[in-house]
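Here the structure comes first, spelled out in structure tokens, and everything after it is commentary.
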There are 2 protein chains.
Amino acid sequence: MEELGLRERKKRRTREAIMDAAFALFRESGFDGVSVADVAAAAEVSKPTLFAYFSTKEDLVLRRFLDDTSGPAFVIRNRPSGVPALKALRQSYLQRLAKRDTLTGLNDSTTAITFHNLLYSTPTVMTRLTVYMLAQERELATELFASGELDDEFTANIVAAQVFGVQRILADHNAQEIRSGRTADEVYPAAITRAEKAFDMVEAALV
Amino acid sequence: MEELGLRERKKRRTREAIMDAAFALFRESGFDGVSVADVAAAAEVSKPTLFAYFSTKEDLVLRRFLDDTSGPAFVIRNRPSGVPALKALRQSYLQRLAKRDTLTGLNDSTTAITFHNLLYSTPTVMTRLTVYMLAQERELATELFASGELDDEFTANIVAAQVFGVQRILADHNAQEIRSGRTADEVYPAAITRAEKAFDMVEAALV
DNA sequence: GTATTCTTCTTGACCGAGTTAAGTATTCTG
DNA sequence: CAGAATACTTAACTCGGTCAAGAAGAATAC
């Protein structure tokens with residue numbers, strides 16, 4: 001059924017080519033040292049085509065890593081019945097740690113490190129990531145409220161904000177440890193401990 | 001002692017003129033309906049001069065309201081001895097509510113409403129505000145850690161994130177109620193209740 | 001297999017935000 | 001009043017992002 005016509009395959013290859021060209025150039029000269037025109041030229045497409053695939057320059061960096069993120073709204077909706085929302089979120093986050101999801105910061109592959117260096121050294125990219133996270137936070141809030149597990153919409157918003165705030169801080173810490181030269185496997189146990197403590201705090205807030 | 005020379009007075013007037021011109025134009029035609037060239041022309045300055053005073057277009061909207069914010073890092077540093085950090089932050093926030101600080105959302109003046117409409121309808125302005133808030137969050141985190149009241153840097157980061165997350169949600173709710181036509185005085189009691197509950201949650205997370 | 005249609009791509013021009021350089025005006029200092 | 005700072009203007013430029021018109025190529029009909 002996934003009959004992927006030639007047209008779709010081509011589009012996918014073009015998309016990959018653009019992302020790869022961008023990543024290579026950014027790694028070499030930094031985000032601000034490369035213009036989108038440069039990227040387009042390297043990927044052998046025109047500038048309008050590039051923007052048909054990625055709506056901002058920052059997305060050239062972020063899109064790849066955002067896609068494989070199982071959104072927390074999804075986690076809530078598909079949790080086994082009987083499992084409290086926050087437990088499901090905690091579990092999902094621990095799984096992402098185990099999988100070395102790039103956005104947890106706990107990934108020492110060269111691409112992940114380049115990614116985090118770009119993120120760390122380029123405010124506009126960081127900002128754009130924040131925008132995506134805030135969108136997900138709102139999704140989570142509505143899903144939490146819809147799940148009926150929380151008193152009111154206000155509390156749902158607060159909890160969603162706390163969950164995302166916590167994940168952001170956790171990612172910062174993990175990425176910083178990786179950036180300081182330690183391996184992901186080395187940091188993993190401490191990362192789990194921190195995550196558990198952070199989620200404990202969020203849960204404690206609810207009592 | 002504030003012997004304000006002619007030069008400083010002129011600069012201050014120019015700054016005001018630019019902000020006022022910008023605000024009037026934005027209110028009329030929306031943020032995206034006005035170019036910085038338009039603003040510069042209306043304020044009778046050149047574009048480079050405008051950018052000497054405000055580093056981005058978004059700052060034309062935000063600067064006025066950011067200045068009167070007593071930063072939370074400052075609150076921590078100057079609290080009476082013996083008062084726990086979180087109590088001081090709560091107290092400071094309640095004072096801002098009482099003062100109808102624009103950034104709490106609890107202000108029904110026409111300028112505040114215009115401001116929040118701009119904020120709500122213009123993603124880039126909202127994003128820029130978020131950037132400022134994240135900077136303050138980091139300040140608060142270092143100050144919290146320096147105060148020695150918290151176990152470690154990690155916990156300090158978490159708490160700072162929670163405090164700012166909570167304030168953001170509170171502002172959203174207040175602004176939304178004001179936007180729906182209610183007066184600030186009307187909403188005030190509920191705003192206090194929400195704030196108390198939110199800070200209770202943050203404190204509960206620490207035990 | 002050719003014609004038609006739909007999509008995607010390219011070209012080139014354009015807009016607006018933000019920066020830079022060189023020169024002019026104005027305020028401050030002695 | 002003269003000279004040193006400092007603020008301002010003008011003009012040109014870079015870069016991110018958009019738009020319109022047409023060319024190229026894939027899908028569908030016959």
Side-chain angles (χ1 to χ4, degrees), chain A residues 1-19 21-23 25-26 28-63 118 122-129 131, chain B residues 1-19 21-23 25-26 28-63 118 122-129 131:
Chain A
M1 52 169 57
E2 282 303 332
E3 201 32 80
L4 255 322
L6 170 55
R7 209 164 242 171
E8 285 307 312
R9 266 181 292 149
K10 259 196 167 177
K11 280 175 73 171
R12 197 165 291 203
R13 252 182 301 158
T14 307
R15 191 186 168 81
E16 289 291 325
I18 296 174
M19 276 198 307
F23 207 70
L25 289 177
F26 291 154
E28 218 179 284
S29 318
F31 189 78
D32 296 322
V34 179
S35 73
V36 296
D38 295 337
V39 175
E44 295 181 311
V45 295
S46 67
K47 204 168 50 146
T49 298
L50 185 150
F51 281 111
Y53 282 91
F54 302 90
S55 46
T56 69
K57 185 184 182 186
E58 286 76 22
D59 283 8
L60 293 172
V61 178
L62 292 175
R63 267 293 164 201
L118 280 174
T122 321
T124 71
V125 178
M126 178 66 94
T127 297
R128 178 77 174 164
L129 177 57
V131 169
Chain B
M1 51 166 58
E2 284 300 335
E3 203 33 80
L4 255 324
L6 170 55
R7 204 164 244 170
E8 285 308 312
R9 267 180 292 147
K10 259 197 168 181
K11 280 176 73 172
R12 199 165 287 201
R13 254 183 300 159
T14 307
R15 192 187 166 81
E16 289 290 326
I18 296 174
M19 276 198 307
F23 208 69
L25 289 177
F26 290 155
E28 218 179 287
S29 317
F31 188 79
D32 295 323
V34 178
S35 74
V36 296
D38 296 336
V39 176
E44 295 181 309
V45 294
S46 68
K47 206 169 46 147
T49 298
L50 186 152
F51 281 111
Y53 282 92
F54 302 91
S55 47
T56 69
K57 186 185 180 185
E58 286 74 22
D59 283 7
L60 293 172
V61 179
L62 292 175
R63 266 295 165 200
L118 280 174
T122 320
T124 70
V125 178
M126 178 67 93
T127 297
R128 178 76 173 167
L129 176 58
V131 169

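Note on naming: letters A, B, ... go to the chains in the order of the sequence lines (proteins, then strands), and numbering restarts at 1 for each one. Quantities reported herein were computed from a predicted structural model and do not represent experimental measurements.
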Check the distance between dT8(C)'s P and L50(A)'s CG and give it to me in whole angstrom. 16 Å

Side-chain heavy-atom pair L60(B), F26(B) within 4.5 angstrom cut-off: yes

Which heavy atom of V34(B) sits nearest to which heavy atom of K57(B), and what is that distance? O-NZ, 2.7 Å

I want to check something: taking the side chain as every heavy atom from C-beta on, are V45(A) and Y53(A) in contact at a cut-off of under 4.5 Å? no

Would you indicate whether the side-chain heavy atoms of K11(B) and E8(B) approach each other to under 4.5 Å? yes

For D59(B) and S55(B) the tightest heavy-atom approach is OD2-OG, 3.3 Å

With the sugar-phosphate defined as primed atoms, P, OP1 and OP2, and the base as all remaining atoms, what B/S/- string results for nucleotides 4-15 of chain D, 5' to 3', for protein heavy atoms under 4.0 Å? -BBSSBBB----

What is the distance, to the nearest angstrom, from the CZ atom on R15(A) to the C1' atom on dT8(C)? 16 Å

Take atom CZ of R12(A) and atom P of dT8(C), then tell me their distance rounded to the nearest Å. 14 Å

Heavy-atom side-chain proximity of V61(A) to L118(A) below 4.5 angstrom: yes

Please report, rounded to the nearest Å, how far the C1' atom of dG17(D) is from the CZ atom of F51(A). 5 Å

For F31(B) and T124(B), run side chain to side chain contact (heavy atoms under 4.5 Å, CB included): C-alpha distance rounded to whole Å, both residues' side-chain angles, the deciding distance at 0.1 Å, then the answer. CA-CA 10 Å; F31(B) 188 79; T124(B) 70; 3.8 Å; yes

Please report, rounded to the nearest Å, how far the C1' atom of dT26(C) is from the CZ atom of R13(B). 13 Å

Here the pair of heavy atoms bringing A42(A) nearest to L25(A) is CB-CD1, 3.9 Å

Give the dot-bracket string for DNA chain D, reading 5' to 3', where a pair is Watson-Crick or G-U wobble with both distances under 3.5 Å, ( ) marks pairs inside the strand, [ ] marks pairs crossing earlier ones, | marks a partner on another strand, and . marks unpaired. ||.|||||||||||||||||||||||||||

